[in-house]
There are 2 protein chains.
Amino acid sequence: MISIKMQEQVQSSSVIRAMFEEGKRLAEIHGVENVFDFSIGNPNVEPPEEINEAILEILKTENLMSIHGYMNNSGYEEVRAAIAESINDKFGTAFTQNNILMTVGAAGGLNVIFKTLLNPKDEVITFAPFFGEYKNYVKNYEGELVVISPNTIDFQPNLEEFKEKITPKTKAVIINSPNNPTGVIYSEETIIKLSEILREKQKEFGTDIYLVSDEPYRELAYDNVEVPYLSNYYANTIIGYSFSKSLSLPGERIGYLVIPDQAADYKNIISAANIANRILGFVNAPSLFQRVVAKCLNAKVDIDTYNRNRELLYNGLSSYGYQCIKPEGAFYLFVKTPIENDVEFCNLAKKKNILIVTGTAFGCPGYVRIAYCVAYKTIEKALPGFKALIEEVK
Amino acid sequence: MISIKMQEQVQSSSVIRAMFEEGKRLAEIHGVENVFDFSIGNPNVEPPEEINEAILEILKTENLMSIHGYMNNSGYEEVRAAIAESINDKFGTAFTQNNILMTVGAAGGLNVIFKTLLNPKDEVITFAPFFGEYKNYVKNYEGELVVISPNTIDFQPNLEEFKEKITPKTKAVIINSPNNPTGVIYSEETIIKLSEILREKQKEFGTDIYLVSDEPYRELAYDNVEVPYLSNYYANTIIGYSFSKSLSLPGERIGYLVIPDQAADYKNIISAANIANRILGFVNAPSLFQRVVAKCLNAKVDIDTYNRNRELLYNGLSSYGYQCIKPEGAFYLFVKTPIENDVEFCNLAKKKNILIVTGTAFGCPGYVRIAYCVAYKTIEKALPGFKALIEEVK
């Protein structure tokens, strides 16, 4: 009796559930400490102290109605103003509160913006490998996700193919840098070229093409690599930010959209996004946490912990002969499987109690994603398994 | 460049915005204390003390990762178990955590359940007067809202017309009791009859028809009137609950769905609702507030404040000759306009600095909704205006 669309979803999700159940089964047999779960992008670094300090201060100083009450659907004005100012300080932009819409995480923000923009059959382009949920977010509004095949040399987007696949029906392009699943940061050169292509194609087709930037990993960049701020390169940019990873608050569902004045049809987008936020049932981003993040805009999780994991895992796997790009951000390593079939490789890994995700799930077969947001010890204990695995299949 | 659907939304919402702007304009001219805003259903009674006590206790006793982290999309198991137990205690049901899905408020829950159930063109029936957002929630999933005309005698649902309008395409019926905008509680007799009709029609058409109960006002019932618990009357019931009004937490976006074992296709509904929660971008209900409400299941706002407002407003308006049903719950009074045109009446009221909402907005012209979740003094100061208003038009 559930809808046809959701029947398909239930069927395909049962595969993931099966994997999850298998992990639980393994943990029961071998003990949870001997099962190495690298499958989920769930922060394992504690939120910074500032978070709970901010909560306590808010409870002490603000009145109950304004802590937990309704506000404008787009969020508290002072929170939005503080966020705009913080972005301006960091990236030389000139946003005001009117460019910021508080959302229920980045996932909420992306749904709001696709609801706002997409007519049925509109096309949204993304670059493989990509976060699988984009397909769902686009399909929610009858749009069609067009996937550009991966550039497996350095995992920067494949701009040649991109150019060819833009059509008059292309309404948006969604990118994600630092990237899930590769950890690659799209370079300034990439962003400049990508913007040029978009401007050309807008002119050619007489359309507006929005560049939607999904940025949950912006603050997780290693070795001081810069993550270009896209609105500085392309006018029709919309940014979807989340505090889930930067502050380790994934359960609290707090993020925002940036909709710049320069974006075509700016006023209608803002109005429509506000309404979409309401009618999709978000209504507003959680009120207490709006105030909390406004007080923690310069706080950050301890990224060194992730960095140590990155070094240990990357160096270990490389020394065994695995091929992979050293990630510059996020907490994922995207590794070429030593056998062609990544699904089969994941099954072999499972026999060593190692849980990882197929590249196929990200539109890039022949690879696997290893999420290293786990305890250092987990990596140490899993490395011999990875070593044995490559030796077996070679 | 926004989607066609959202263009319509922006246009129609500009009317509401105009009203809001008008209110602000009036406040600037006459002073905010001389403008009487009865237009919004925003709780004005403080959250109970237990809320902030619960937050403090959680911060003190739980570890940071489990306070703010990810959990299963359906919510923390122990929170869901506590809610199930609390419902069982109050209503003699036998739910477990497996029947509860934590949601981003009731608005989030209703979107999740319509996403789960509706194929394009499926019909959802509701009874006028009704909360206008239902139309949007159903349209989000290409469904069609079928509105049963109001029974203006006592504002119980018009069951004769209901019977006639159920078709093989009827997938769900959505009801809301205590009702927004009437404050009426659907009686046990109503619920029994409605359930019988649904069972008959299910048999006749060989379909399952889900009764979706939107219950943000369940705890706001006066004079100890009982609000029947629908799953005790009809197997295919799905309940959407919110803590927004019962605990005055509308900004925090916290509620849940109850999906009983007895509901047809229960297992698939649960699975699909979980996935819908994720892919619509809610992902999960805010984590800290899941734990907070679990600790406050017996807490309640001071309903006497609303009750005093109810008495003052109802008695005042009645004494001037206004006709209305005395509300048994929620914080709304639904009043017959002394002139036929409710839009015109709202405009006349505005001239007395009184802001109220047309019945037309709830599918019931010739009436207005007065939200009395305001300061007692606001009602006292507005009453002379209401009196002058009816005298002028009579």
Side-chain angles (χ1 to χ4, degrees), chain A residues 1-4 6-7 9-10 13 42-44 46-47 51-52 55-56 59 64-65 67-71 104-105 107-112 115-119 133 136-137 140-141 208 248-253 264-265 268-269 271-272 275-276 278-284 286-289, chain B residues 1-7 9-10 13 42-44 46-47 51-52 55-56 59 64-65 68-71 104-105 107-112 115-119 133 136-137 140-141 208 248-253 264-265 268-269 271-272 275-276 278-284 286-289:
Chain A
M1 289 304 300
I2 61 172
S3 72
I4 292 163
M6 291 309 294
Q7 283 170 29
Q9 290 280 356
V10 169
S13 86
N42 189 9
N44 74 312
E46 284 206 341
I51 297 296
N52 284 3
I55 297 175
L56 294 175
L59 294 193
L64 284 171
M65 300 303 285
I67 300 174
H68 307 301
Y70 275 132
M71 81 299 304
V104 172
L110 295 178
N111 271 278
V112 163
K115 171 86 175 172
T116 297
L117 294 177
L118 298 184
N119 285 313
E133 286 300 65
N136 292 321
Y137 299 165
N140 283 340
Y141 312 102
D208 283 299
S248 281
L249 299 174
E252 303 295 2
R253 314 309 306 136
D265 210 18
N268 276 324
I269 294 179
S271 302
I275 296 169
R278 198 190 82 223
I279 69 180
L280 288 175
F282 301 109
V283 183
N284 56 255
S287 51
L288 172 61
F289 271 84
Chain B
M1 287 305 300
I2 61 172
S3 73
I4 293 163
K5 276 186 196 167
M6 291 309 294
Q7 283 170 29
Q9 290 280 356
V10 169
S13 87
N42 189 9
N44 73 313
E46 285 206 340
I51 297 295
N52 285 2
I55 297 175
L56 294 175
L59 294 194
L64 283 170
M65 300 303 285
H68 305 302
Y70 275 132
M71 79 300 303
V104 172
L110 295 178
N111 271 278
V112 163
K115 172 85 175 172
T116 297
L117 294 177
L118 297 184
N119 285 313
E133 289 296 67
N136 292 322
Y137 299 165
N140 282 341
Y141 312 101
D208 283 299
S248 282
L249 299 173
E252 303 295 1
R253 315 310 305 137
D265 210 17
N268 276 324
I269 294 179
S271 301
I275 296 169
R278 197 191 81 222
I279 68 181
L280 288 175
F282 300 109
V283 183
N284 57 255
S287 52
L288 172 62
F289 271 84

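Within every chain, numbering begins at 1; the chains are lettered A, B, ... in the order of the sequence lines, protein sequences first and strands thereafter. What's counted below: heavy atoms across the whole structure, side chains too, no hydrogens, waters or symmetry copies.
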Q.
Rounded to the nearest 0.5 Å, what separates atom CZ in Phe282(A) from atom CG in Asn111(B)?
A. 8.0 Å
Q: Check whether Ser248(A) gets within reach of chain B through its side chain, its backbone, both or neither, counting any heavy atom under 4.5 Å.
A: backbone
Q) So which of Asn119(B), Ile269(B), Asn136(B) has the biggest tally of heavy-atom pairs under 4.5 Å with chain A? A) Asn119(B)
**Q.** Most contacts with chain B, counted as non-hydrogen pairs under 4.5 angstrom, among Thr116(A), Asn268(A), Ile55(A)
**A.** Thr116(A)
**Q.** Pairwise side-chain contact, Leu117(A) with Met1(B), heavy-atom cut-off 4.5 Å (strictly under)
**A.** no
Q) Heavy atoms, side chains only, cut-off 4.5 Å: are Leu56(B) and Leu56(A) in contact? A) yes
**Q.** Spacing of CG belonging to Asn52(B) relative to CG belonging to Leu64(A), to within rounding of 0.5 Å
**A.** 5.0 Å
Q. Do Asn284(B) and Arg253(A) have side-chain heavy atoms sitting under 4.5 Å apart?
A. yes
Q: Output the distance between atom CD1 (Ile279(A)) and atom NZ (Lys5(B)), rounded to the nearest 0.5 Å.
A: 9.0 Å
Q | Closest heavy-atom pair and its distance - Val283(B), Ala107(A) | A | CG2-CB, 3.8 Å
Q. Considering only heavy atoms, which portion of Glu133(B) lies under 4.5 Å from any heavy atom of chain A: side chain, backbone, both, or neither?
A. side chain
Q. Are any of the side-chain heavy atoms of Leu118(A) and Ser3(B) separated by less than 4.5 Å?
A. no
Q) In Å, rounded to the nearest 0.5 Å, how long is the span from CG of Leu59(B) to CD1 of Ile51(A)? A) 11.0 Å
Q: Look at Gln7(B), Gln9(B), Met71(B) and state which one has the largest set of heavy-atom pairs under 4.5 Å with chain A.
A: Gln9(B)
Q) Do Leu288(B) and Glu252(A) have side chains that get closer than 4.5 Å, going by heavy atoms? A) yes
Q.
Would you say that Asn140(B) contacts Lys115(A) through its side chain, given a criterion of any heavy-atom pair below 4.5 Å between the two side chains?
A. yes
Q: With the side chain counted from C-beta on, respond yes when Met65(A) and Asn42(B) share a heavy-atom pair under 4.5 Å apart, and no when they do not.
A: no
